[in-house]
Every structure is written in C-alpha cells, then in structure tokens.
Amino acid sequence: SMDAFITSESAHKIVKKLSGYRSPYKIKMLGEALAWEYIRNVGIDACKPDTHLRRFLGRDRMGHSRDTVATVEETISQVEAIAMESGLPCSVIDNIIWSYCADGYGQICTSNPKCEKCVIRVACHFPRNK
C-alpha cells in the first residue's frame, strides 16, 4: 500500500525515490520540493524547502548556510534542528517561516525584505541590519 511505502524509510529517502530522475518510483513532474510537500500532505512531519525557507535560512538572512540561499539539505537540517529545540513539528516551523516570508501573508522577509518591520532583525545577517 502507499501508506506502507511512504513510511518504509526515512522521509529523506522517500523524497529521493519520488523525485529522483532515475528512480523507478519517480512521480512525473514532481521535483524535490514538491515531493517534500507531498509527503507532508500525507501525514509525514516534514518541511517543504521552497524559495521562502531557503532564502530565510540562507547566509544573508537568519540561517547558517555558506550560501545566500540555503541548499535543500541545509534547509531541511535547519528546520529539523529548530523543531527539536522548540518541540514543535517541522511542518509548524515550515508554516511559521513561510508565513513570515510569503507575499499576501506576513510579507516581511520577502525577496525585498521589510527589515524596518522585522521583529527579529537583531539576529539577521542581512546587510541593511548592520
């Protein structure tokens, strides 16, 4: 069954199977970020490492990446660490960060951040905050 498959290995391995170019389990038109979204939507606690989370957790914002935009792996690792420390599920951490960043929602840490409105700017690495 699909339930048995989706829980048969770690979330990381299942995502690779669903999104990997050469995987026999590859779902057409499903890349890695959407595979994370899919497994989250079927009940696996995970984050979707999309543009908002990757930018927010990158070097120039709140994260610990070597790059301006965190890699998918770095994003997942950082969300998992925040979840462990806070006791909140990864999906909740994902939603908090995404909501803070997304147009039409928090609209604070967007591609053109509203640093003057940011309540956590003291911890941010963005050049405007120096």
Side-chain angles (χ1 to χ4, degrees):
S1 75
M2 189 57 147
D3 287 347
F5 172 76
I6 211 80
T7 58
S8 65
E9 296 183 79
S10 73
H12 297 271
K13 288 181 180 178
I14 296 299
V15 164
K16 294 289 185 200
K17 284 184 173 184
L18 296 175
S19 64
Y21 178 67
R22 292 202 163 103
S23 170
Y25 303 100
K26 167 81 170 118
I27 296 176
K28 193 175 185 178
M29 306 299 290
L30 193 76
E32 195 168 1
L34 283 179
W36 280 106
E37 174 80 359
Y38 170 75
I39 68 163
R40 193 176 66 180
N41 287 339
V42 296
I44 304 299
D45 183 38
C47 72
K48 177 185 176 191
D50 66 6
T51 300
H52 300 298
L53 269 71
R54 291 180 65 198
R55 181 174 48 233
F56 185 84
L57 295 169
R59 175 191 67 215
D60 294 348
R61 304 286 175 100
M62 300 301 289
H64 302 289
S65 174
R66 282 181 264 133
D67 301 312
T68 299
V69 175
T71 66
V72 167
E73 293 78 18
E74 287 171 328
T75 301
I76 293 162
S77 175
Q78 289 185 78
V79 169
E80 288 174 347
I82 295 166
M84 289 270 276
E85 191 172 314
S86 68
L88 296 170
C90 291
S91 57
V92 170
I93 301 302
D94 176 317
N95 188 260
I96 291 168
I97 295 171
W98 187 90
S99 296
Y100 199 66
C101 300
D103 290 329
Y105 292 85
Q107 299 183 151
I108 301 296
C109 202
T110 59
S111 58
N112 183 23
K114 318 291 186 297
C115 300
E116 67 284 354
K117 294 180 179 181
C118 182
V119 297
I120 55 175
R121 69 180 171 266
V122 295
C124 188
H125 308 259
F126 198 72
R128 271 186 224 170
N129 296 322
K130 303 262 183 259

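Heads up: numbering here begins at 1 and tracks the sequence.
Between Ala70 and Ser65, the shortest heavy-atom distance links the atoms CA-OG, 3.6 Å. When all heavy atoms are compared, the tightest approach of Trp36 to Ala11 is CZ3-CB, 3.7 Å. Listed here is the closest heavy atom pair of Met2 and Tyr38: CE-OH, 3.0 Å. Glu37 and Arg40 make their closest contact through OE1-NH2, 2.6 Å (heavy atoms, listed as atom of the first residue, atom of the second, distance). Shortest non-hydrogen contact noted between Asp67 and Thr71 is OD2-CG2, 4.2 Å. Residue Val69 comes nearest to Arg54 through the heavy atom pair CG1-CB, 3.6 Å, listed as atom of the first residue, atom of the second, then distance.
Between the side chain of Gln78 and the main chain of Thr75, no donor-acceptor pair closer than 3.5 Å is present. In this structure a side-chain-to-backbone donor-acceptor pair under 3.5 Å is missing from Asp60 to Thr68.
Note on Val92: it does not cluster hydrophobically with Val42, by side-chain heavy-atom contacts below 4.5 Å among ILVMFWY residues. Note on Val119: it clusters hydrophobically with Ile93, by side-chain heavy-atom contacts below 4.5 Å among ILVMFWY residues. Leu34 and Ile76 fall within the same hydrophobic cluster, defined by Ile, Leu, Val, Met, Phe, Trp and Tyr side-chain heavy atoms under 4.5 Å apart, directly or through other members. Under a hydrophobic-cluster definition in which Ile, Leu, Val, Met, Phe, Trp and Tyr are linked whenever side-chain heavy atoms come within less than 4.5 Å, directly or via other members, Ile120 and Leu53 are assigned to the same cluster. By the rule that hydrophobic residues join a cluster once side-chain heavy atoms approach within less than 4.5 Å of another member, Met62 and Leu88 end up as members of one cluster.
Note that CD1 of Ile108 is 11.0 Å distant from CZ of Phe56, once rounded to the nearest 0.5 Å. Distance check: Cys90 SG to Lys48 NZ gives 16.0 Å after rounding to the nearest 0.5 Å. The distance from atom NE2 of His125 to atom NE2 of His64, rounded to the nearest 0.5 Å, is 6.5 Å. Distance SG/Cys101 to CD/Gln107: 11.5 Å, rounded to 0.5 Å.
Cys47 pairs in a side chain to side chain contact (heavy atoms under 4.5 Å, CB included) with only one of the listed residues (Ile97, Asp94, Leu57), which is Asp94.
The shortest distance between side-chain heavy atoms of Lys17 and Phe5 falls below 4.5 Å. A heavy-atom distance below 4.5 Å is found between the side chains of Ser111 and Arg55. When side chains are defined from C-beta on, Arg59 does not count as touching Glu74, because their heavy atoms never get closer than 4.5 Å. Taking the side chain as every heavy atom from C-beta outward, Ile14 and Leu18 approach each other to under 4.5 Å.
For Lys117, the NZ atom counts as loosely surrounded, since its 6.0 Å shell holds 12 or fewer non-hydrogen atoms of other residues, nucleotides or ligands. Within a 6.0 Å radius of OH in Tyr25, no more than 12 heavy atoms belonging to other residues, nucleotides or ligands are found.
Salt-bridge annotation for Glu73 and Arg66: absent, with no side-chain N of the basic residue lying under 4.0 Å from a carboxylate O of the acidic one.
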Next on the checklist: Determine whether Lys13 and Lys16 satisfy the following criterion, side chain to side chain contact (heavy atoms under 4.5 Å, CB included), listing intermediate values before the conclusion.
Outcome noted: CA-CA 5 Å; Lys13 288 181 180 178; Lys16 294 289 185 200; 5.6 Å; no
